[in-house]
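Written out below as structure tokens is the structure these notes cover.
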Amino acid sequence: MKYPAFSLSLAFSALTVGLFSCSPQVHPSPQDSKEAFVDSILSTMSIEDKAGEMTQLTLDMVCVGAPYALEEPHRLDTSKLQNVLVDLKVGSILNCGGHAYGPEQWHELIGGIQEAAARKETGIPVLYGIDAIHGATYTSGSVLGPQQIGLAATWDTALVRKFAENAAMEVTASGIPWNFSPVLDVARDARWPRFWETFGEAPKLVSDMGVAMVKGYQEGPSPIAATLKHYVGYSRPLTGKDRTPAWIPERQLRQIFLPPFAAAIDAGAASIMVNSGEINGIPVHVDHHILTDILREDLEFDGMVVTDWEDIKYLFSRHKVASDYKDAIAMAINAGIDMSMVPTDTEFPVLLAELVRDGRIPMARMDESVRRILNMKYDLGLFQTGGFPPSLADYPKKESIEGGAIKAALESITLLKNDGQHAAIAGAPILPLGGSGRILVTGPTANSLNALNGGWSGTWQGTDPTYNTPGRPTAVEAMQEALGENRVSFAELDMAFTSQDVADIARNLNSKNTQCAVVFLGEMPYTEGVGSVEDIELFENQQELVEAIHATGTPVIGVYIGGRPRTLSDIEPLLDAFVMAYLPGDYGAQAIADVLVGSFNPSGRLPFTWPRHASAHLTYDRKHTENVHSDFSLSAFNPLYTFGSGLSYSNVETTSIELIGDSIVNMGDEVNVKVTLVNSGERSSTETVILYSQDRVASITPAVDELKAFKQVVVPAGATIEVEIGVSSNELGFIGMDNTYIVEPGVFGLRVKEQVVEFNLAQ
Ligand code: BGC
């Protein structure tokens, strides 16, 4: 497998390293190929040197104070640096000590770490990794855009690539060459608390977005290495809770969960992080079949595989498949792990070296991992720069990189309902907001920048306002800005508001001449297990709030800020309009306001199925039997909003679909259709044409619909346009009975919205 265009010193071409001098012991000679260079280092390394390279510790382990409780301000501890980086030769450090730092502090920390690393015998620089999942999340003041679920709602892969390129510029400028992003888990269940970190429920959308993000990170002007996570099958635990058992037969694994990883590996992704959970009773960290047979042989991945947080230790402390730490290390490394995100003990490299000396881990296995790690360091140019940060003077100006985040926030906002239910305005869509009356803004997510950003923003949980980007508006502030302060009355609520608070708001409302209420619903940030829930129904107090405002006769617009769909079927009929904003980031408030007042015509489309009922975890690609209701009708698939839903302020209809070419298609040929879109509205509209295939009969029960292609077009006001879109017949297959991919001949449908056309795929 090839390495992408990010190789070598592009990331750190300027060797002006500020405070620090660049003095690694090992210098590639211009004559050496990568292979020769890496071989030459490897041949000089001791078992301890190699064990150190395979070790990743958290920044806390080299700072003053105890892990998870560092002394402020966070600073390096000289004796820990000596112990960890020189004596134990640890090759990788990750993340921050609990919160974001300014670029200067990053430079100081990373410069100090690399200076220490350069003192060890091999002088191999440290590979620093971070979760910069929606911008440089741990660099204060950086550009924070939408989380992945919002990026997916744009359906705009070029924009996502650009956004990732911009993020990489800030990560690189902070001195960090390696990013633990993107998440390529396919979100099939809204209960799972990492839903918002994904590109949604359709493997095709996740794959295309994943490829765009990997290319953005790795092939832009300041490249960083991407990490595909969490390999594989992490997103569908049976209980819906984080890191609990999944039962996924190999066929489904290959059909649904592997394709995004395969696509991103083909696009050149540099590294992979492993699923912390278990599949079919086997923790993925010890699953040789998944980590080696599938990953190395089938997918031909030759990059580096890192564990997730503490996952080797968990093999004995939680999963109970190993009797002690040493056993756990042997199992994981022999299964195919290259680097352990330890991250808070210093025993790992010592035990690993012992295991190799004892012959329980073959030297060849160790060498294979170390070679991959050194290859990655080489590709990132670390041997040229010593891993020292570039000059602070080159830190990108915010104005030059925030365009992608602004556009992504705007394009993500998804208008799900706009039908003017309320008696006073029946028939007329309530949005965009016209008139000049007063508007009540309320709801617990209305005045929180943290709510807009979600997890991994300034801190891991994203809940501490201390680390918010200064000057970015909350939703209510952006509404005041857009509508004028005197048009907006604001009733502030926190998440724990009471029935009394609701009653007060309703009582005050009666006495005012209020045009409508905009109620900001949703969730406050959470990350990983902290977001596991017992119930995905929307909080009772938020439902009560909508009911009470509606009961006053005031029209209600709901705006949902949150990364997973909570069920709200009882109150949804009371909403005159409903807007899904996801976790739109620092520029989200203005994007929401622009959509509400109509200065931006919304174009977002839902990248998942919004369930109507808390236990109905169906996805758009359900099977035909899942359509069968208990009353024997075919109405069992009845989500609140279907996958791909989204309105604009224009009325655009898909009026026809026609095959281009013959209705008999030869195996291997492209099938193309012409789709007609008619805009009878008064505004130009950006539409996403979404093409689904329907396999009429197959040897494995076919899905009702399979997403195959999507294309964005602008339909001018009053215009009729034709759009061509297609799919290769090679992509109409599935994982068959023997767990390999097959394409079967027969009749297929192609669907765009309600329009369907059929063709015959010949033998
Ligand atoms: C998460 C990963 C993350 C890692 C490092 C883990 O707890 O599951 O997604 O990259 O921590 O922060």
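Just so it is clear, the structure is predicted and the values come from calculations on it, not from any experiment. Whatever order the structure lists ligands and atoms in, that order sets their numbers, starting from 1. Computed from heavy atoms alone, side chains included, the values below leave out hydrogens, waters and symmetry copies. Heads up: numbering here begins at 1 and tracks the sequence.
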| said: Show me which atoms of ligand 1 lie under 4.0 Å from any heavy atom of Asn95. | reply: 5 (C), 12 (O)
| request: May I ask you to decide whether Lys229 forms a salt bridge with Asp131, counting only side-chain N to carboxylate O separations under 4.0 Å? | output: yes
| query | Quick one: does Glu197 get an N or O within less than 3.5 Å of an N or O on ligand 1? | reply | no
| query | Going by distance alone, is a donor N or O of one side chain under 3.5 Å from an acceptor N or O of the other, for Asp242 and Ser532? | reply | no
| request: For the pair Asp324 and Lys313, find out whether any cationic side-chain nitrogen is under 4.0 Å from an anionic carboxylate oxygen. | output: no
| Relative to the heavy atoms of Met273, which atoms of ligand 1 are at a distance of less than 4.0 Å? | 2 (C), 10 (O)
| field | Side chains of Gln105 and His74, donor plus acceptor under 3.5 Å | value | no
| said: Would you say the ring centers of Trp309 and Tyr314 fall short of 6.0 Å from each other? | reply: no
| Between His99 and Glu72, a side-chain donor and acceptor under 3.5 Å | yes
| field | Element-labelled atoms of ligand 1 that are located less than 4.0 Å from some non-hydrogen atom of Arg194 | value | 1 (C), 2 (C), 8 (O), 9 (O)
| said: Closer than 4.0 angstrom, basic N to acidic O: yes or no for Lys215 and Glu165? | reply: no
| query | Looking at atom 5 (C) of ligand 1, what's its closest protein heavy atom, distance included? | reply | Asp131 OD2, 3.1 Å
| request: Classify the side-chain pair Tyr217/Ser181 by whether it contains a donor and acceptor separated by less than 3.5 Å. | output: yes
| said: Is it the case that ligand 1 has an N or O less than 3.5 angstrom from some N or O of Trp456? | reply: no
| remark: Among non-hydrogen protein atoms, atom 7 (O) of ligand 1 lies closest to Glu528 OE1, 2.8 Å
| Residue part near ligand 1, for Glu310, under 4.0 Å between non-hydrogen atoms | neither
| query | For Ser276, is at least one N or O under 3.5 Å away from an N or O on ligand 1? | reply | no
| query | Identify the closest protein heavy atom to atom 8 (O) of ligand 1: which residue and atom is it, and at what distance? | reply | Asp308 OD2, 2.5 Å
| request: Can you sort out which atoms of ligand 1 are near Leu94, meaning under 4.0 Å from one of its heavy atoms? | output: 5 (C)
| What atoms in ligand 1 come closer than 4.0 Å to a heavy atom of Trp309? | 6 (C), 7 (O), 11 (O)
| field | Distance (rounded to the nearest 0.5 Å) between Tyr128 OH and Ile224 CD1 | value | 14.0 Å
| said: Need the ligand 1 atom indices (1-based, order shown) with element for anything under 4.0 Å from a heavy-atom of His230. | reply: 2 (C), 8 (O), 9 (O)
